[in-house]
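Take a look at the structure below.
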Amino acid sequence: MKITIAAVGKLKERYLVDAAAEYSKRLGRYCKLEIIQITDEKTPDGASLALEEQIKEKEGERILSKIPSSAYVIALAVEGQMTDSVELSKKLERLGTDGVSHIVFVIGGSLGLSKAVLSRADYQLSFSKLTFPHQLMRIMLLEQIYRSYRIMGNEPYHK
């Protein structure tokens, strides 16, 4: 299976870059992983709601241009479905069994995802009602994908 993570913004801190590299290496034995960094828009302090929507739309257009039409899209969104690690593992396994060969996970920028991206998503996943930095979210997602594959393979992994 091919898994793509389309994430707005780039990892800046060395510890996040190192963590992403480590999980990417670990995932190499389970799937073909691709991480696409999408340029983020700068949001000025005190931006109006209208400007924030324009920024999300611009980022959304960039995201959508990177998603193949045949891919199954999972958008990370606060309003999405909350699940636990075992359920996520079962979902990924079921998608593979159903013939899905490419899953694209989408992580928005600091303002979230545009309506167009959310509409394109086949599934919306929420990690929590809490808000996380989008850079950290990439590491959390990589870890959960790795954990999912370990669960699928009945391999040990800390709980």
Side-chain angles (χ1 to χ4, degrees), residues 1-40 56 59-60 62-114 116-159:
M1 167 142 349
K2 180 176 181 181
I3 294 193
T4 300
I5 297 175
V8 173
K10 64 181 181 177
L11 298 180
K12 297 173 183 145
E13 287 81 10
R14 182 85 228 151
Y15 70 96
L16 294 172
V17 172
D18 290 345
E22 177 62 27
Y23 280 111
S24 295
K25 182 177 82 173
R26 290 181 186 191
L27 279 164
R29 60 184 280 224
Y30 298 104
C31 65
K32 182 178 179 197
L33 179 68
E34 175 185 34
I35 298 175
I36 300 171
Q37 294 187 142
I38 295 156
T39 305
D40 58 343
K56 286 198 297 188
E59 290 174 348
R62 290 184 192 132
I63 291 167
L64 291 171
S65 74
K66 303 294 184 187
I67 299 175
S69 60
S70 61
Y72 186 92
V73 178
I74 299 177
L76 274 61
V78 172
E79 60 276 359
Q81 178 73 37
M82 277 197 239
T83 184
D84 64 25
S85 297
V86 173
E87 289 170 357
L88 179 60
S89 174
K90 287 178 182 175
K91 178 160 188 66
L92 296 181
E93 188 171 35
R94 198 168 37 252
L95 288 170
T97 302
D98 290 346
V100 172
S101 61
H102 189 186
I103 298 172
V104 178
F105 287 90
V106 179
I107 302 171
S110 59
L111 299 175
L113 294 168
S114 70
V117 173
L118 292 172
S119 293
R120 170 60 181 90
D122 297 290
Y123 183 76
Q124 292 182 29
L125 175 64
S126 174
F127 273 47
S128 171
K129 290 185 180 184
L130 299 172
T131 301
F132 297 104
H134 57 282
Q135 291 185 35
L136 182 58
M137 195 69 239
R138 189 178 319 179
I139 307 309
M140 293 169 61
L141 175 60
L142 283 165
E143 190 280 334
Q144 284 299 304
I145 295 168
Y146 175 68
R147 183 181 295 266
S148 290
Y149 277 106
R150 299 289 292 189
I151 291 168
M152 280 183 240
N154 292 315
E155 298 173 51
Y157 197 75
H158 64 276
K159 295 182 181 187

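One-based numbering along the sequence shown.
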Stepwise, does the side chain to side chain contact (heavy atoms under 4.5 Å, CB included) test hold for Ile145 with Leu27?
CA-CA 8 Å; Ile145 295 168; Leu27 279 164; 3.8 Å; yes
Roughly how far, to the nearest 0.5 Å, is [atom2] of [Y] from [atom1] of [X]?
X: Leu113; Y: Glu79; atom1: CG; atom2: CD; result: 8.0 Å
X: Ile74; Y: Leu141; atom1: CD1; atom2: CG; result: 8.5 Å
X: Cys31; Y: Ile103; atom1: SG; atom2: CD1; result: 9.0 Å
X: Tyr149; Y: Met1; atom1: OH; atom2: CE; result: 5.0 Å
X: Ile3; Y: Ser101; atom1: CD1; atom2: OG; result: 11.0 Å

Qualifying residue for side-chain contact (heavy atoms from CB on, under 4.5 Å) with Arg138, from Ile35, Leu76, Leu16
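For Arg138, the side-chain contact (heavy atoms from CB on, under 4.5 Å) check succeeds only for Ile35.
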Which residues satisfy the side chain to side chain donor-acceptor pair (under 3.5 Å) test with [X], sequence neighbours excluded?
X: Arg62; value: Glu41
X: Glu155; value: Tyr30, Arg150
X: Thr4; value: Glu34, His102

[X] versus [Y], closest heavy-atom pair with distance:
X: Val104; Y: Ala6; value: CG1-CB, 4.2 Å
X: Glu59; Y: Thr39; value: CG-O, 4.3 Å
X: Ala121; Y: Ala75; value: CB-CB, 3.7 Å
X: Ser126; Y: Ser128; value: OG-O, 3.0 Å
X: Ser89; Y: Ser148; value: OG-O, 3.0 Å

Excluding sequence neighbours, so at least two apart, what forms side chain to side chain contact (heavy atoms under 4.5 Å, CB included) with [X]?
X: Thr131; value: none
X: Ala116; value: Leu64, Ser114
X: Ser85; value: Gln144, Arg147, Ile151
X: Gln81; value: Tyr123

Full working for side chain to side chain contact (heavy atoms under 4.5 Å, CB included) between Leu11 and Ile139:
CA-CA 10 Å; Leu11 298 180; Ile139 307 309; 4.3 Å; yes
Go through the structure and list residues passing salt bridge (charged side-chain N to carboxylate O under 4.0 Å, His left out) with Lys25, not counting sequence neighbours.
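Glu22.
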Applying salt bridge (charged side-chain N to carboxylate O under 4.0 Å, His left out), name anything that partners Glu13, two or more places apart in sequence or on another chain.
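So Glu13 forms no salt bridge (charged side-chain N to carboxylate O under 4.0 Å, His left out) with any residue.
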Partner set under ring pair (Phe, Tyr, Trp, His ring centres under 6.0 Å) for Phe127, not counting sequence neighbours:
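Scan of Phe127 (ring pair (Phe, Tyr, Trp, His ring centres under 6.0 Å), adjacent residues dropped) gives none.
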A side-chain contact here means heavy atoms from C-beta on lying under 4.5 Å apart; do Gln124 and Leu118 qualify?
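Sidechains of Leu118 and Gln124: in contact.
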If you look only at pairs with a residue in residues 116-130, which of them pass as a salt bridge (charged side-chain N to carboxylate O under 4.0 Å, His left out), with sequence neighbours excluded?
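Applying salt bridge (charged side-chain N to carboxylate O under 4.0 Å, His left out) to every pair that reaches into residues 116-130, excluding sequence neighbours, yields Arg120-Asp122.
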Residue pairs, two or more places apart or on separate chains, that pass salt bridge (charged side-chain N to carboxylate O under 4.0 Å, His left out) and touch residues 80-102
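Matches after skipping sequence neighbours: none remain.
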Run the side chain to side chain contact (heavy atoms under 4.5 Å, CB included) check on Leu33 and Leu142 step by step: do they pass?
CA-CA 10 Å; Leu33 179 68; Leu142 283 165; 3.8 Å; yes
